[in-house]
Amino acid sequence: MKKKLALIAVAAAALCATSMPVFAGDDLITIGFAQVGHESDWRTASTQSAQAVFSAENGYDLQFVDCDNDSAAQLEAVRGFIEQDVDYIIIDPIVATGWDTVLTECEDAGIPVIVIDRTIDDSDKYVSWVGSNFLTEGIACGEWLKAYAEAKGIEEINALVIEGTNGSSAQIGRTDGFNQVAEENGWNILDSQDGDFTQNGGQEVMESYCKSYEGQFNVVICQNDNEAFGAMDAMKAAGVSYGPNGDVVLVSFDGNRPAMESLLAGDLTAVFECNPLAAPDVEKVIQQLEAGETPEKEIYMVEGWFANEDVVSSITIDGEEQPVTQMTQEVLDARAY
Ligand code: AHR
């Protein structure tokens with residue numbers, strides 16, 4: 001990388017000496033980004049954040065590949081970036097395992113890898129990871145539900161869970177975190193199925209739940225906003241009401257604008273945020289590498305917990321008291337996405 005920049009500088013100086021134009025694109029930093037796909041509002045926000053930060057105006061040439069939730073296509077995309085000899089590779093891993101071989105290939109090619117959002121659990125051959133603590137998100141959901149049920153006098157929890165893409169660290173962390181609190185409190189998890197983080201997936205799973213568990217459930221946990229929208233459609237069609245005065249407490253993860261609007265309207269009861277705007281932190285990592293510095297291995301996004309009603313003001317996770325913010329128009333207006 002440094003050698004490449006030095007050669008470019010020499011070439012640019014030579015061009016200036018002969019008063020020929022220097023093309024701005026010559027010294028752009030090339031980044032290959034193997035994105036999960038386009039399955040959700042969260043994903044759209046993540047892609048837009050990367051495209052805004054890694055623009056040509058900011059000095060980057062972003063090679064973006066939408067892997068359409070296909071792990072084989074994602075490995076192929078990374079190998080394509082190695083062939084192109086990009087300066088950096090960003091990976092948002094669809095699933096958490098199966099990465100060591102291709103990361104070794106990146107290492108052998110001398111291309112630094114930055115992992116964002118979801119984690120890679122079977123290799124540490126990357127410079128930094130920037131993302132969310134999915135286990136904490138799942139625990140937060142459970143702790144909020146516990147406090148909410150107590151405050152509302154809900155004596156029994158009969159929950160249905162619509163999971164995200166199975167094998168992704170987002171699904172694993174949220175499931176483990178929620179199940180941990182559920183077990184501690186003896187809740188009944190009637191079923192927990194994969195909705196693939198999509199609206200269609202959420203709707204299909206919820207349609208089948210409404211038939212199989214008619215009249216038996218009072219909580220639906222959707223592991224992302226889009227699944228929750230699908231679940232709403234299915235519940236409406238089945239005559240199941242949700243929201244503060246409904247039959248069902250409906251909860252989601254992510255907190256993109258459409259979901260926060262639903263929360264304000266009272267369709268969703270609580271939302272556990274997953275912040276998609278990692279790109280500015282990734283850029284800091286790249287700038288540190290450019291400066292010869294060593295970035296931190298793990299960088300956590302800042303996120304919060306939100307509810308429709310002012311019933312639970314805080315929850316405690318690992319001994320730390322964390323606020324639960326009531327969604328209002330003012331809170332919504334102040335949000336960045
Ligand atoms: O990895 C983050 C998850 O992936 C988000 O919760 C979901 O919306 C997305 O598809």
Side-chain angles (χ1 to χ4, degrees), residues 1-5 27-38 42-56 58-67 69 71 73-134 168-170 173 274-303:
M1 168 63 202
K2 293 275 170 285
K3 202 167 93 197
K4 210 185 280 175
L5 282 177
D27 57 2
L28 298 182
I29 294 173
T30 304
I31 297 177
F33 178 16
Q35 173 63 292
V36 168
H38 50 273
W42 189 100
R43 192 62 53 198
T44 305
S46 159
T47 295
Q48 287 172 349
S49 166
Q51 286 169 339
V53 169
F54 299 115
S55 64
N58 291 342
Y60 300 97
D61 172 13
L62 181 65
Q63 302 292 314
F64 178 83
V65 177
D66 176 333
C67 300
N69 220 21
S71 294
Q74 193 165 42
L75 293 177
E76 203 178 303
V78 173
R79 293 198 166 104
F81 296 146
I82 297 173
E83 250 173 60
Q84 283 179 63
D85 193 24
V86 299
D87 297 316
Y88 298 94
I89 295 175
I90 302 174
I91 302 172
D92 189 329
I94 296 168
V95 290
T97 53
W99 286 100
D100 198 54
T101 305
V102 79
L103 290 191
T104 305
E105 290 166 30
C106 295
E107 196 175 67
D108 292 346
I111 304 175
V113 172
I114 299 148
V115 180
I116 67 164
D117 169 34
R118 303 179 186 176
T119 54
I120 283 177
D121 294 350
D122 62 354
S123 177
D124 65 353
K125 292 179 182 133
Y126 54 87
V127 177
S128 291
W129 162 83
V130 182
S132 306
N133 191 329
F134 300 117
S168 68
S169 67
C274 180
N275 186 339
L277 309 181
D281 285 316
V282 176
E283 188 185 32
K284 278 184 207 148
V285 168
I286 290 175
Q287 293 304 336
Q288 283 177 299
L289 293 170
E290 289 286 305
E293 295 163 11
T294 307
E296 280 178 49
K297 186 81 179 178
E298 293 184 340
I299 298 159
Y300 285 92
M301 302 297 295
V302 176
E303 31 213 17

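Keep in mind it's a predicted model, so treat the numbers as computed, not measured. What you see below is based on every heavy atom in this structure, not just the backbone, and it leaves out hydrogens, waters and symmetry mates.
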Subject >> Considering all heavy atoms, the nearest Ser123-Asp100 contact >> reply: OG-OD1, 2.8 Å
Original post:
Do Gln288 and Thr294 meet the criterion of a side-chain donor-acceptor pair at a distance under 3.5 Å?
Top reply: no
**OP:** Work out which heavy atom in Thr119 is nearest to a heavy atom in Ser169; give both atom names and the distance.
**Re:** N-OG, 2.8 Å
**OP:** Would you give the length of the straight line joining atom CZ of Phe81 to atom CZ of Phe33, rounded to the nearest 0.5 angstrom?
**Re:** 9.0 Å
Subject >> Considering all heavy atoms, the nearest Glu303-Ser132 contact >> reply: OE2-CB, 2.9 Å
Subject >> Separation between CD1 of Ile31 and CD1 of Ile114, rounded to the nearest 0.5 Å >> reply: 7.0 Å
**OP:** Evaluate the criterion side-chain contact (heavy atoms from CB on, under 4.5 Å) for residue pair Asp281 and Met301; output intermediate values, then yes/no.
**Re:** CA-CA 9 Å; Asp281 285 316; Met301 302 297 295; 3.9 Å; yes
**OP:** Could you check Thr101, Thr104, Asp108 and say which one makes a side chain to side chain donor-acceptor pair (under 3.5 Å) with Lys125?
**Re:** Thr104
**OP:** Check the side chains of Glu296 and Ser128 for a donor-acceptor pair under 3.5 angstrom, ignoring hydrogens and angles.
**Re:** no
**OP:** Apply side-chain contact (heavy atoms from CB on, under 4.5 Å) to Leu103 and Ile91, showing your working.
**Re:** CA-CA 10 Å; Leu103 290 191; Ile91 302 172; 3.9 Å; yes
**OP:** Give the minimum heavy-atom separation between Ile82 and Ile111, together with the two atoms involved.
**Re:** CA-CD1, 3.9 Å
Subject >> Positive for side chain to side chain donor-acceptor pair (under 3.5 Å) with Asp66, one of Gln35, Gln74, Arg43, His38 >> reply: His38
Original post:
Who are the side chain to side chain contact (heavy atoms under 4.5 Å, CB included) partners of Thr97, not counting sequence neighbours?
Top reply: Asp122
Original post:
Any donor-acceptor pair under 3.5 Å linking the side chain of Asn133 with the backbone of Gly173?
Top reply: no
Original post:
Which atom names give the shortest non-hydrogen contact between Val78 and Ala34, and what distance separates them?
Top reply: CG2-CB, 4.1 Å
Original post:
How far apart are the C-alpha atoms of Cys106 and Tyr126, what are their side-chain angles, what is the distance that settles it, and do they pass the side-chain contact (heavy atoms from CB on, under 4.5 Å) test?
Top reply: CA-CA 9 Å; Cys106 295; Tyr126 54 87; over 6 Å; no
**OP:** Mind checking ring pair (Phe, Tyr, Trp, His ring centres under 6.0 Å) for Trp42 and listing every partner two or more places apart, or none if nothing turns up?
**Re:** none
Original post:
Judged by atom type as modelled, is there a donor-acceptor pair below 3.5 Å linking the side chain of Asp87 to the main-chain atoms of Thr30?
Top reply: yes
Original post:
Ile286 versus Phe54: any side-chain heavy-atom pair under 4.5 Å?
Top reply: yes
**OP:** Enter the distance from Ile120:CD1 to Asp92:CG here, rounded to the nearest 0.5 Å.
**Re:** 9.5 Å
Original post:
Counting distance only, does the side-chain N/O of Arg118 pair as donor-acceptor with the main-chain N or O of Ile94 below 3.5 Å?
Top reply: yes
Original post:
In Å and rounded to the nearest 0.5 Å, what is the CH2 to CD1 distance from Trp129 to Ile299?
Top reply: 9.0 Å
Subject >> Polar side chain donor-acceptor pair, Gln51 to Tyr60, under 3.5 angstrom >> reply: no
Original post:
Counting N and O atoms only, with roles assigned by atom type, does the side chain of Lys297 sit under 3.5 Å from a partner on the main chain of Asp124, one being a donor and the other an acceptor?
Top reply: yes
**OP:** Carefully, step by step, assess Val127 and Val113 under the rule side-chain contact (heavy atoms from CB on, under 4.5 Å).
**Re:** CA-CA 6 Å; Val127 177; Val113 172; 5.9 Å; no
Original post:
Is any side-chain heavy atom of Asp61 closer than 4.5 Å to a side-chain heavy atom of Ile29?
Top reply: no
**OP:** Answer yes or no: does atom CD of Gln287 have more than 12 heavy-atom neighbours from other residues, nucleotides or ligands under 6.0 Å?
**Re:** yes
**OP:** First locate atom CD of Glu290, then atom CD of Glu283, and finally report the distance between them rounded to the nearest 0.5 Å.
**Re:** 10.5 Å
Subject >> Nearest atoms (heavy-atom pairs only) where Leu28 meets Ala56 >> reply: CD2-O, 3.8 Å
Original post:
Roughly how far apart are Ser49 OG and Ile116 CD1, rounded to 0.5 Å?
Top reply: 8.0 Å
**OP:** Count the heavy atoms belonging to other residues, nucleotides or ligands that lie under 6.0 Å from CD of Glu83, then report whether that count exceeds 12.
**Re:** no
Subject >> Exam field: side chain Asp117 to backbone Gly131, donor-acceptor pair closer than 3.5 Å >> reply: no
